[in-house]
Amino acid sequence: MPIDQRPLAVFLMGPTASGKTALACTLSEQFPVDLVSVDSALVYRDMDIGTAKPDAATLARYPHRLIDLRDPSEPYSAADFRTDAVAAMEDITSRGRTPLLVGGTGLYFRALQQGLSQLPEADPSIRARLAAEAAGAGWPALHARLQQLDPVAAARIGPNDAQRIQRALEVIELTGRPLSEQQRGGHGQPFPWRVLKLALIPSDRAPLHARIAQRFDAMLRADFLDEVRALRARGDLHADLPAIRAVGYRQAWEHLDGQTDAKEFRDRGIFATRQLAKRQITWLRSELDARVLDPDRPDLQALGADALRLFLGDPKTP
C-alpha cells in the first residue's frame, strides 16, 4: 500500500462556547501549528462583541487567519471561504508548519474538505411562491416540510432561517434531490491534506448551556447593544444581510427595533445560541472520522495534545 505523502492539517471543531479557541491557542504553544478561523461570523469587521471574537491581545499572541475579511455589508460564501482557506493552508504548509483550523461552521469545513457541488441558480417564481406560503403559514411550517424532504439539511437550519429554508426547498423542487445530498461532494479530487479531526462534543449539555448564558450576559456587560447601535447608525445595513442574521445580532436588531423588551431580548438571544449549538452538535455527530473529546473534561488540554502528538509526532520548536 502506498504511503500517504500529503501534508498534515488539523480540524478542531465544536459548538459555540465549547472552548475551541482556548484549546487551539494552548495547542499552538506546544506544536508548530498556525491557526485558521472557520467561522461565518468572525469574517466580518466591526462585529467583535456579539461574535465572541478573540480580543486584540489574544490575536496578537495567537494570530488567526480569516478573521475580519469583510465589511458587514458584503457577502461571504462557503465558496469564498474554501478559496481563502486553501490559500492560507498552502502558505502555512510552505513554511513547514501545520494548519490548525478552528471553528464551528460545519458548512465551511465540509466545503473545504469535500468541495461544493454546482447547485442550480435561483428561480424567482419558486422563491416568490415559497415566500407567499411562509407569509401565510410561517417559516417554521416550511421548515417542517423541509424536515420531511431533507432531514439532514433541516437539522442544521433553524426554523426561522428564512433564506436557507427557502433555498433548500427551492433546490429540491428544481433538482428533485435533497440539498444535503448535493452538498456532500463537488470537486471529485482528494483533499490535498491528510486531516486529523477533533470534535468537542459535550457528554452533558448543561454546562454548555450555562456557559452560553454566562457569555451572553458578559457580551451585554461589554456593550454589545452599543456595537449593534453603531452598525445600525451606518444606514447601509439591514436585517436581511447574512452578517446581521448572525445569532445574537438578529435578536439585538429586533430589540432595537422595539420588537422585544430587555428580558425577552436576552432570553431570545440565549435560546438562539443554544439552538445553534444543538445544530452544530448534530452536524459534528455526522463526522464519523472525528475523534470526540468532551470539552468539560479537566484533562481536555492533555487529551488534545496527545492526539496531536500521535498525528504530528513530538513537538518541534515553533
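What you see below is based on every heavy atom in this structure, not just the backbone, and it leaves out hydrogens, waters and symmetry mates.
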Open item on the list: For L112 and V86: C-alpha separation, side-chain torsions, deciding distance, then whether side chain to side chain contact (heavy atoms under 4.5 Å, CB included) applies.
Closed with: CA-CA 8 Å; L112 174 61; V86 167; 3.7 Å; yes
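- Heavy-atom minimum distance, G19 versus L200: C-CD1, 4.2 Å.
- Using cut-offs of 30° and 60° for the angle between ring planes, the F224 and F216 rings count as perpendicular.
- The two residues P63 and L35 come nearest to each other via the heavy atoms O-CB, 3.6 Å.
- The pair R145-D150 does not count as a salt bridge, with every side-chain nitrogen at least 4.0 angstrom from each carboxylate oxygen.
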Task: Stepwise side chain to side chain contact (heavy atoms under 4.5 Å, CB included) check, I270 with R266 - done: CA-CA 6 Å; I270 291 172; R266 176 184 179 274; 3.5 Å; yes
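- In summary, R65 and D91 engage in a salt bridge, as defined by a charged side-chain N under 4.0 Å from a carboxylate O.
- Under the 4.5 Å side-chain heavy-atom criterion for ILVMFWY residues, no single connected hydrophobic cluster contains both F11 and I67.
- Side-chain contact between L27 and L23 is present, with at least one heavy-atom pair separated by less than 4.5 Å.
- When each of R279, E287, Q280, R285 is tested with W283 by the rule side-chain contact (heavy atoms from CB on, under 4.5 Å), just one qualifies, namely E287.
- Using a 4.0 Å cut-off between charged nitrogen and carboxylate oxygen, R61 and E29 count as a salt-bridge pair.
- Between V36 and I92, some side-chain heavy-atom pair lies under the 4.5 Å cut-off.
- Residues P99 and V33 have side chains not in contact (no heavy-atom distance under 4.5 Å, counting atoms from C-beta outward).
- Of all the heavy atoms in L237 and P72, the pair that sits closest is CD2-C, 4.0 Å.
- Under the 4.5 Å side-chain heavy-atom criterion for Ile, Leu, Val, Met, Phe, Trp and Tyr, L130 and L149 are members of the same hydrophobic cluster.
- Contact annotation: the side chain of V195 never approaches that of R6 to less than 4.5 Å [non-hydrogen atoms, C-beta and beyond].
- Taking NZ of K53 as the start and CG of D55 as the end, the distance is 11.5 Å to the nearest 0.5 Å.
- Electrostatic pairing of R232 and D257 counts as a salt bridge here, judged by a charged N lying under 4.0 Å from a carboxylate O.
- Side-chain atoms of P242 and Y76, non-hydrogen and from C-beta on, never get closer than 4.5 Å to each other.
- Between the CG atom in D80 and the OH atom in Y108 there is a gap of 7.5 Å [rounded to 0.5 Å].
- At a threshold of 4.5 Å between non-hydrogen side-chain atoms, the residues Y44 and T51 do not count as touching.
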Task: Criterion side chain to side chain donor-acceptor pair (under 3.5 Å) on R215 and T16, from CA distance to verdict - done: CA-CA 10 Å; R215 190 177 70 177; T16 186; 2.4 Å; yes
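- Across all their heavy atoms, A307 and L196 have their closest contact at O-CD2, 3.7 Å.
- Proximity of a side-chain donor or acceptor of H64 to a complementary backbone N or O of S37 within less than 3.5 Å is not detected.
- No single ILVMFWY cluster, assembled from side-chain heavy atoms under 4.5 Å apart, contains both L276 and L208.
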TODO: For the pair R250 and E254, evaluate salt bridge (charged side-chain N to carboxylate O under 4.0 Å, His left out) and give the outcome as yes or no after the intermediate values.
DONE: CA-CA 6 Å; R250 177 188 302 186; E254 293 170 348; 5.4 Å; no
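- Between T26 atom OG1 and L300 atom CG the span is 9.0 Å, to the nearest 0.5 Å.
- Ion pairing between K197 and D289 holds under the 4.0 Å rule for side-chain N and carboxylate O.
- Judged purely by atom type and a 3.5 angstrom limit, Q275 has no side-chain atom pairing as donor or acceptor with the backbone of G158.
- L146 CG to I165 CD1: the interatomic distance, rounded to the nearest 0.5 Å, is 7.0 Å.
- Separating the CG atom in L293 from the OG atom in S18 is a distance of 10.5 Å, to the nearest 0.5 Å.
- At a threshold of 4.5 Å between side-chain heavy atoms, the hydrophobic network of Ile, Leu, Val, Met, Phe, Trp and Tyr places V247 and L42 in two separate groups.
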TODO: Apply salt bridge (charged side-chain N to carboxylate O under 4.0 Å, His left out) to the pair D46 and R70, showing each step before the final yes or no.
DONE: CA-CA 10 Å; D46 302 321; R70 291 285 197 276; over 6 Å; no
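- The minimum heavy-atom distance linking Y249 with A243 is given by the pair CB-O, 4.3 Å.
- Using modelled atom types, one side-chain atom of E227 and one backbone atom of D48 make a donor-acceptor pair closer than 3.5 Å.
- Salt-bridge formation is detected for the pair D306/R309: a Lys NZ or Arg NE/NH1/NH2 atom is positioned less than 4.0 Å from an Asp or Glu carboxylate oxygen.
- Taking CD of E74 as the start and CG of L69 as the end, the distance is 10.0 Å to the nearest 0.5 Å.
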- [ ] Go through D236 and R234 one step at a time and tell me if the salt bridge (charged side-chain N to carboxylate O under 4.0 Å, His left out) criterion holds.
- [x] CA-CA 6 Å; D236 63 332; R234 289 177 33 162; 2.8 Å; yes
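- No donor-acceptor distance shorter than 3.5 angstrom exists from the side chain of H143 to the backbone of N160, with no hydrogens or angles considered.
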- [ ] Show your working on side chain to side chain contact (heavy atoms under 4.5 Å, CB included) between D204 and D296 and close with a plain yes or no.
- [x] CA-CA 9 Å; D204 177 4; D296 297 302; 5.8 Å; no
Task: Trace of the side chain to side chain contact (heavy atoms under 4.5 Å, CB included) decision for L12 with L101 - done: CA-CA 6 Å; L12 176 53; L101 290 90; over 6 Å; no
TODO: Would you please test T98 and W193 for side chain to side chain donor-acceptor pair (under 3.5 Å) and show each step?
DONE: CA-CA 10 Å; T98 298; W193 286 265; over 6 Å; no
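- Under a 3.5 Å cut-off, the side chain of T175 and the backbone N or O of R177 do form a donor-acceptor pair.
- Side-chain contact check for L169 versus V171: every heavy-atom pair is 4.5 Å or farther apart.
- Although no hydrogens or angles enter the test, the distance criterion places a donor-acceptor pair under 3.5 Å between the side chain of Q166 and the main chain of R127.
- Both L256 and L241 belong to a common hydrophobic cluster when Ile, Leu, Val, Met, Phe, Trp and Tyr are linked at side-chain heavy-atom distances under 4.5 angstrom.
- A donor-acceptor pair under 3.5 Å is absent between the side-chain atoms of R194 and the main chain of L8, judged by distance alone.
- Atom CZ of R129 sits in a crowded spot, with more than 12 heavy atoms from other residues, nucleotides or ligands closer than 6.0 Å.
- By the 6.0 Å contact criterion, CZ on R274 is open, its count of non-hydrogen atoms from other residues, nucleotides or ligands being 12 or less.
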Task: D294/S203 under side chain to side chain donor-acceptor pair (under 3.5 Å): CA gap, chis, key distance, verdict - done: CA-CA 6 Å; D294 187 337; S203 57; 2.6 Å; yes
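- In this structure, the side chain of D261 engages the main chain of E264 through a donor-acceptor pair within 3.5 Å.
- F109 and G104 get closest at one heavy-atom pair: CE1-N, 4.5 Å.
- No side-chain heavy atom of T105 sits under 4.5 Å from any side-chain heavy atom of F81.
- The residues R221 and D217 are annotated as not salt-bridged, no charged nitrogen and carboxylate oxygen being separated by less than 4.0 angstrom.
- Within a 6.0 Å radius of OH in Y62, more than 12 heavy atoms belonging to other residues, nucleotides or ligands are found.
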